[in-house]
Amino acid sequence: ATWDYESARLEVFNEVTQAFIAVVTAQTQIALADDLIDVTEQDLAAVNRRVDAGATPPIERIRARIALATANMERKNTALALVAARAELAATWGSKVASFSNALGDLREIAPPPELGELDQRLKSNPDIARWKTKLAQRQASLELERALGKIDLTAGGGIRRIEGSGDNAFVVGLAVPIQFKNPNKGIIQAAEIQLHQIDKEHLSVLVSTNAKLASLLAELTAAYQSAYALSNEILPEAREAMTTAEGAYLKGLFSFTDVLAVRKTNFELHGRYIEALARYHSCLLYTSDAADDPTLVDMWGGGGGW
């Protein structure tokens, strides 16, 4: 019962934390969508000035309007996803309405994944693994009980008896031994012995399955970390520089607005992939950590802040 409770506790913890991560992710995507809208509004204003001045063809005004309309549409879709994520998080504590205003968290707080050896040590405290020691003791006790029930019971008795012929009193002792041609509990004992012998194989099966899942999660965690790290430190800085260069070249008449849109689209798509990588990282990290026993988990999400 204790291990069942621990399993249920971890399941609830994971469910709530995954819902929280989804809310923080949606909030971050909203912030990125707002940035895109701000930029496309600035683009439209710049294109309008150039079109009015005759420096660029009117078709670019249409392209800028389409870009702004698309950004607003995607922002609305992201807002709906945030509403759904907030509702799912509130449902974990039994609320029909998400009464909180904002979930404080920063997805960019990441660290290199732990080593597999370290995770193997943590695995021993997992209730689905740790419960096997208790199961072994339970089945051993069941076998001993069945063996005890299958033993022959000796019945002893004694008392005072009056002998009528002589008028004397005598102390009489009796011992009853039931005769059994077969052990009526033999089948149950054999079943208990088989169950006891099965425990090692069952334990091994669960251990192999859990280790495989752990290795898969660690690989996914490592991939998410590497993607997020590369995007943050190598790819996104280059993309931002390219966008700044393209915008400056457009204002000087060296680039068309189509070129600017292509560079900007790449930049914001890379930001979106960065957010997705961060969300995957934190989701996998949850399953490879012992955070459920850490009361300072909230510190990982402290501070909030904008994107």
Side-chain angles (χ1 to χ4, degrees), residues 18-51 56 58-91 98 100-110 223-224 227-228 230-232 234-251 255-283 301 304-307:
Q18 291 289 5
F20 180 81
I21 292 172
V23 172
V24 176
T25 301
Q27 290 177 171
T28 308
Q29 291 169 334
I30 282 285
L32 181 62
D34 288 338
D35 287 346
L36 179 57
I37 290 175
D38 290 341
V39 171
T40 52
E41 287 177 344
Q42 295 172 15
D43 284 345
L44 180 58
V47 169
N48 282 332
R49 290 193 296 268
R50 290 182 60 81
V51 170
T56 191
I59 187 65
E60 293 194 352
R61 193 201 313 264
I62 297 176
R63 289 171 178 160
R65 288 174 178 171
I66 292 174
L68 178 58
T70 302
N72 279 306
M73 178 188 66
E74 292 179 351
R75 205 274 184 195
K76 290 178 181 178
N77 292 337
T78 305
L80 291 175
L82 175 58
V83 171
R86 285 165 53 87
E88 290 183 6
L89 177 57
F100 59 92
S101 59
N102 195 39
L104 298 181
D106 191 347
L107 294 176
R108 293 169 294 186
E109 293 293 332
I110 62 176
S227 296
L231 283 164
S232 177
E234 301 171 13
I235 301 174
L236 285 176
E238 295 285 348
R240 282 191 289 266
E241 183 178 353
M243 190 173 71
T244 301
T245 301
E247 290 170 347
Y250 172 72
L251 295 176
F255 270 19
S256 69
F257 187 63
T258 302
D259 295 329
V260 175
L261 285 178
V263 174
R264 179 165 296 130
K265 180 181 178 182
T266 299
N267 179 65
F268 278 90
E269 284 179 348
L270 289 172
H271 272 88
R273 290 178 61 181
Y274 178 47
I275 296 173
E276 292 174 358
L278 292 173
R280 289 198 310 273
Y281 169 87
H282 287 289
S283 294
W301 299 101
W307 172 249

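Since we're looking at a predicted model, the values are computed, not measured. All heavy atoms count here, side chains included; hydrogens, waters and symmetry mates do not.
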Legend entry - ring-ring contact (aromatic ring centres under 6.0 Å, His included) partners for Phe268, two or more places apart: none
Legend entry - His282 side chain to Ile21 backbone, donor-acceptor under 3.5 Å: no
Inset, instruction - Kindly give the heavy-atom pair with the smallest separation between Val24 and Gly105, and that separation in Å. - result: CG1-O, 3.8 Å
Inset, instruction - For the pair Asn267 and His271, evaluate side-chain contact (heavy atoms from CB on, under 4.5 Å) and give the outcome as yes or no after the intermediate values. - result: CA-CA 6 Å; Asn267 179 65; His271 272 88; 3.6 Å; yes
Inset, instruction - Might you point out which heavy atoms bring Arg63 and Leu261 nearest each other, and give the distance in Å? - result: CB-CD1, 4.2 Å
Inset, instruction - Look at atom CD of Glu241 and say whether more than 12 heavy atoms of other residues, nucleotides or ligands are closer to it than 6.0 Å. - result: no
Legend entry - Point-to-point distance, once rounded to the nearest 0.5 Å, from CD1 of Ile62 to CD1 of Ile59: 4.0 Å
Inset, instruction - Give a yes or no on this: more than 12 heavy atoms of other residues, nucleotides or ligands lie within 6.0 Å of atom CZ of Arg61. - result: yes
Inset, instruction - Would you indicate whether the side-chain heavy atoms of Arg280 and Glu276 approach each other to under 4.5 Å? - result: yes
Inset, instruction - Looking only at non-hydrogen atoms, find the nearest pair between Tyr250 and Phe255 and report the distance. - result: CD1-O, 3.2 Å
Inset, instruction - State which residues pass ring-ring contact (aromatic ring centres under 6.0 Å, His included) with Tyr281; sequence neighbours excluded, sorted by chain then number. - result: none
Legend entry - Minimum-distance pair of heavy atoms, taken over all atoms of Ala103 and Val23: CB-CG1, 3.6 Å
Legend entry - Separation of Ile30 CD1 from Asp35 CG (nearest 0.5 Å): 11.5 Å
Legend entry - Flag, side chain of Asn48 to backbone of Leu44, donor-acceptor distance under 3.5 Å: yes
Inset, instruction - Say whether, by atom type as modelled, one donor and one acceptor occur between the side chain of Arg50 and the main chain of Thr56 under 3.5 angstrom. - result: no
Legend entry - Sidechain-backbone polar pair: Glu88 side chain, Ala19 backbone, donor-acceptor under 3.5 Å: no
Legend entry - Distance-minimising heavy-atom pair for Ser101 and Arg86: O-NH1, 3.3 Å
Legend entry - Minimum heavy-atom distance between Val51 and Pro58, given as atom pair plus value: CG1-CA, 4.0 Å
Legend entry - CA sep, side-chain torsions, deciding dist, call: Arg273, Ser227, side-chain contact (heavy atoms from CB on, under 4.5 Å): CA-CA 9 Å; Arg273 290 178 61 181; Ser227 296; over 6 Å; no
Inset, instruction - For the pair Gln29 (side chain) and Ile275 (backbone), establish whether a donor and an acceptor sit closer than 3.5 Å, ignoring hydrogens and angles. - result: no
Inset, instruction - Using a 4.5 Å cut-off on heavy atoms from C-beta on, say whether the side chain of Phe100 contacts that of Leu89. - result: yes
Legend entry - Flag side-chain contact, heavy atom, 4.5 Å: Tyr274 against Ser232: yes
Inset, instruction - Check whether any side-chain heavy atom of Glu60 sits under 4.5 Å from a side-chain heavy atom of Ser256, and report yes or no. - result: yes
